[in-house]
Amino acid sequence: MGCLGNVLWFIFGGCLSGLSWLLAGCLWCISIVGIPVGLQCFKLAGLSFFPFGKEVEYGGGAGSFLLNLIWLLVSGIPLALESAVLGVVLCITIVGIPFGLQHFKLAKLALMPFGSEVR
């Protein structure tokens with residue numbers, strides 16, 4: 001089910017979500033200070049392209065909290081809103097509910113990506 005879900009996800013919205021994460025990563029990598037944040041965006045773009053079969057565990061410490069705060073103010077809110085809106089739109093139909101739930105997972109991850117692990 002995971003492979004079929006990932007293929008359908010990529011066709012029906014995952015490509016848009018992944019490209020948003022790639023754009024955010026490229027913008028963060030413009031400055032030398034933002035390169036670690038940009039690299040994290042690239043990792044999460046991979047999750048956004050193919051999220052089925054993967055789980056996210058949240059954790060971290062004070063450094064992650066500070067990075068999440070800066071991230072939230074600069075890039076996190078637009079990415080979270082995009083995923084939340086797409087999740088609501090997809091949950092309108094019964095067939096789209098699994099895809100909508102994946103968008104809600106990505107919306108939460110867009111608000112606090114640092115200190116989280118993808119398994």
Side-chain angles (χ1 to χ4, degrees):
M1 178 63 187
C3 183
L4 178 63
N6 281 328
V7 170
L8 291 174
W9 167 266
F10 186 79
I11 294 170
F12 294 114
C15 184
L16 174 68
S17 182
L19 289 175
S20 298
W21 279 98
L22 285 176
L23 176 67
C26 289
L27 291 175
W28 275 100
C29 284
I30 290 174
S31 69
I32 293 175
V33 177
I35 289 176
V37 178
L39 293 177
Q40 183 73 5
C41 288
F42 294 144
K43 290 178 194 173
L44 297 176
L47 172 70
S48 186
F49 280 129
F50 303 108
F52 286 94
K54 297 177 184 170
E55 292 295 322
V56 179
E57 292 183 12
Y58 296 95
S64 297
F65 175 74
L66 291 175
L67 272 174
N68 280 329
L69 203 62
I70 294 168
W71 166 262
L72 184 64
L73 296 173
V74 176
S75 299
I77 293 175
L79 286 170
L81 283 176
E82 173 196 4
S83 290
V85 168
L86 287 173
V88 168
V89 168
L90 286 169
C91 283
I92 291 173
T93 64
I94 293 175
V95 176
I97 289 175
F99 301 114
L101 294 177
Q102 292 298 324
H103 270 296
F104 293 141
K105 179 172 76 171
L106 290 172
K108 182 179 177 184
L109 188 62
L111 292 176
M112 47 185 167
F114 299 100
S116 61
E117 285 186 38
V118 177
R119 294 180 187 240

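Throughout, numbering of the chain's residues begins at 1 and tracks the sequence. Heavy-atom basis, side chains included; hydrogens, waters and symmetry copies ignored. Owing to the predicted nature of the structure, the values given are computational and were not obtained by experimental measurement.
Within the 4.5 Å cutoff, side-chain heavy atoms of L101 are placed close to those of F104. At a threshold of 4.5 Å between non-hydrogen side-chain atoms, the residues L47 and K54 count as touching. By the 4.5 Å heavy-atom criterion applied to side chains, L106 and L86 are not counted as neighbours. When side chains are defined from C-beta on, H103 does not count as touching V89, because their heavy atoms never get closer than 4.5 Å. P36 is not listed as a side-chain neighbour of W28, based on a closest heavy-atom distance of 4.5 Å or more.
Between L22 atom CG and F49 atom CZ the span is 4.5 Å, to the nearest 0.5 Å. Between atom CZ of residue F114 and atom CG of residue L44 there is a gap of 8.0 Å, rounded to the nearest 0.5 Å.
W71 and W21 have parallel rings, their planes meeting at less than 30° on a 0 to 90° scale where 60° marks the start of perpendicular. A perpendicular orientation is assigned to the rings of F52 and W9, their planes being inclined by more than 60° (bins at 30° and 60°).
Hydrophobic clustering (ILVMFWY, side-chain heavy atoms < 4.5 Å, transitive): V88 and L79 are in distinct clusters. Taking hydrophobic clusters as Ile, Leu, Val, Met, Phe, Trp and Tyr residues chained together by side-chain heavy-atom distances below 4.5 Å, L4 shares a cluster with I11. F10 and L16 fall into different hydrophobic clusters, where Ile, Leu, Val, Met, Phe, Trp and Tyr side chains are chained together by heavy-atom contacts under 4.5 Å. L109 and L66 are assigned to two separate hydrophobic clusters, defined by single-linkage of ILVMFWY side chains at heavy-atom distances under 4.5 Å.
Hydrophobic side-chain contacts under 4.5 Å tie I30 into a cluster, directly or through other members, with L23, L27.
In this structure, I32 places its CD1 atom where only 12 or fewer heavy-atom neighbours from other residues, nucleotides or ligands lie under 6.0 Å away.
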### Query
Given V37 and V74, is the side chain to side chain contact (heavy atoms under 4.5 Å, CB included) satisfied, shown in steps?
CA-CA 11 Å; V37 178; V74 176; over 6 Å; no
